[in-house]
Amino acid sequence: MRKLLTPLLAAILVACLTAYAVWTGERPRAHYLSDLRASVASDHGRAAESGNLLVIRPSLYPSDYRDPAFLRRKLAASLDAARTAGLLNKNTVVALPDQIGTWLLLRGEKQSLYQARSLDEADTLLKLSHPTLIGRLFLQGQGVEEALLRTKAKRMARDYQKLFSGLAREYGVTLLAGSIVLPTPYFKEGKLHSGHGELYNLALAFSPDGQVLGKPYRQPWPESSQEVTLQHLDTGVLQITIKRSWAQGFPQNDVTVANSNGSASLPTFLRGRLWSLQGAPSGSALTPPDIAQANNAPGTHLLNVWLDSP
């Protein structure tokens, strides 16, 4: 009996492990359903080739990050709405919120994960879907978010640069691409890469030809809620200043664009329902529910200010 039982148990164990290995690799295709609506919430000044500041407050959800193509589709819908409204030209500066790139770590997960209300709720599914995370969690003392981020960091860096560089080039605008958290990010031959060291909040800007504009913003992560940082960029025609802060309980960028005749300033932040980041300042959120909005329109909000001609 024992001779028969041993191979039977071994066969059952092999079958279970095989089924588990197949399950961890399964990513069934699902329809992408998301609100692509975008509306112009405000438009101040007189249209001119001297330039304008267009702030996009995108309405984003975890499912928008299942594939970078989905995130691109949502952002492209906003830029299409701006172009239709006559808000884009060669001197337009388009500003996106910080942390828009960090949830690229959710690429290619199981469909049920995107229905979770928080990362804590998705914790068990992530561990089961990624057995290698267990080693990082217990051997390196990392949380689920950091372990998953480090596992996917190389692809995240490629996706971030490809996505936002492509949008800047396609729409012919200067694009402030928000930020992404990566381990020791660096550039090699014009390409963004991630390393294996400390985490940093990185933000890039892209010129209308899709090339990186100016010096990248790079700040150790986590950041303090009391810290305010400044980034300065120059397009050759316009001067840009970005003030970053978590003091409001969420990441907000105050963007100022100036020429020789004046300046325009607008704040940008995320809308929708993205999960809070574990490394964010205590009590903060990525998409705060109680913040005053430009209006009550659903979907993404576009806010525009034209600069006076010199």
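Computed from a predicted structure; not experimentally measured.
Remark: R107 engages D159 in a salt bridge, criterion side-chain N to carboxylate O under 4.0 Å. The pair D98-R244 counts as a salt bridge, with a side-chain nitrogen and a carboxylate oxygen less than 4.0 angstrom apart. A salt bridge is absent between E145 and R150; no separation between the charged side-chain nitrogens and carboxylate oxygens falls under 4.0 Å. Ion pairing between D80 and R83 holds under the 4.0 Å rule for side-chain N and carboxylate O.
R271 places a side-chain N or O within donor-acceptor distance of the main-chain N or O of G299, the cut-off being under 3.5 Å. Of the possible polar contacts, none joining the R66 side chain to the L71 backbone as a donor-acceptor pair under 3.5 Å is found. Although no hydrogens or angles enter the test, the distance criterion places no donor-acceptor pair under 3.5 Å between the side chain of K191 and the main chain of R158. Checking side-chain atoms of K90 against main-chain N and O of E49 turns up no donor-acceptor pair under 3.5 Å. Between the side chain of W275 and the backbone N or O of L286 there is no donor-acceptor pair closer than 3.5 Å. Judged purely by atom type and a 3.5 angstrom limit, S50 uses its side chain to pair as donor or acceptor with the backbone of L307. A distance-only check finds a donor-acceptor pair linking the side chain of R218 to the backbone of P185 [under 3.5 Å]. In this structure, S245 contributes its side chain and V228 its backbone to no donor-acceptor pair below 3.5 Å. Although no hydrogens or angles enter the test, the distance criterion places no donor-acceptor pair under 3.5 Å between the side chain of E227 and the main chain of A247. A donor-acceptor contact shorter than 3.5 Å is absent between the side chain of D64 and the backbone of K74.
Linking Ile, Leu, Val, Met, Phe, Trp and Tyr residues whenever their side-chain heavy atoms come within less than 4.5 Å places L79 and L87 in a single cluster. Hydrophobic clustering (ILVMFWY, side-chain heavy atoms < 4.5 Å, transitive): L88 and L176 are in distinct clusters. L238 is connected to V255 through a chain of hydrophobic side-chain contacts under 4.5 Å among Ile, Leu, Val, Met, Phe, Trp and Tyr, so both are in one cluster. Grouping the Ile, Leu, Val, Met, Phe, Trp and Tyr side chains by contacts below 4.5 angstrom, directly or via other members, places V55 apart from W306. Using a 4.5 Å cut-off between side-chain heavy atoms of Ile, Leu, Val, Met, Phe, Trp and Tyr, with links allowed through other members, V173 and V212 fall into the same hydrophobic cluster.
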Side chain to side chain contact (heavy atoms under 4.5 Å, CB included) between L274 and W103, worked out | CA-CA 8 Å; L274 287 178; W103 282 118; 4.1 Å; yes
Given L60 and L270, is the side chain to side chain contact (heavy atoms under 4.5 Å, CB included) satisfied, shown in steps?
-> CA-CA 7 Å; L60 296 175; L270 289 162; 3.9 Å; yes
Given side chain to side chain contact (heavy atoms under 4.5 Å, CB included), test F164 with L75 step by step and report yes or no.
-> CA-CA 10 Å; F164 295 110; L75 296 176; 3.6 Å; yes
So I180 and M156, side chain to side chain contact (heavy atoms under 4.5 Å, CB included) or not? Walk me through it.
-> CA-CA 9 Å; I180 182 172; M156 289 171 62; 4.0 Å; yes
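The shortest non-hydrogen separation linking P183 to L149 is CD-CD2, 3.7 Å. When every heavy atom of D254 is checked against every heavy atom of P267, the shortest pair comes out as OD1-CB, 3.2 Å. Taking all atoms of both residues into account, the shortest heavy-atom contact from I56 to T268 is O-OG1, 3.1 Å. Closest approach of P216 and L204 over heavy atoms only: CB-CD2, 3.5 Å. For the residue pair V237 and Q239, the shortest heavy atom distance occurs at O-NE2, 4.0 Å. Residues L163 and P68 come closest through the heavy atom pair CD1-O, 4.3 Å.
From T184, atom OG1 reaches atom CG of L202 across 11.0 Å, with rounding to the nearest 0.5 Å. Rounding to the nearest 0.5 angstrom, the gap separating the CG atom in L53 from the CD1 atom in I240 is 8.5 Å. Note that the OG atom of S179 and the CD atom of Q219 stand 11.0 Å from one another [nearest 0.5 Å]. In this structure, CD on Q99 lies 12.0 Å from OG1 on T287, to the nearest 0.5 angstrom. With rounding to the nearest 0.5 Å, the separation of NE2 in H232 from NZ in K243 is 11.5 Å. We find the CD-CG distance between Q293 and L303 to be 9.5 Å, quoted to the nearest 0.5 Å.
F250 and F269 have their aromatic ring centers within a separation under 6.0 angstrom.
Using modelled atom types and a 3.5 Å distance limit, the side chains of S207 and D209 yield a donor-acceptor pair. The closest side-chain donor-acceptor pair between H44 and N304, if any, does not fall under 3.5 angstrom. Side-chain atoms of Y186 and S194 form no donor-acceptor pair, as typed in the model, at a separation below 3.5 Å.
Between Y160 and F206, the angle of the ring planes lies from 30° to 60°, which puts this pair in the tilted group.
Annotation: cation-pi pair R273/Y61 absent, no NZ/CZ under 6.0 Å from the ring centroid and within 45° of its normal.
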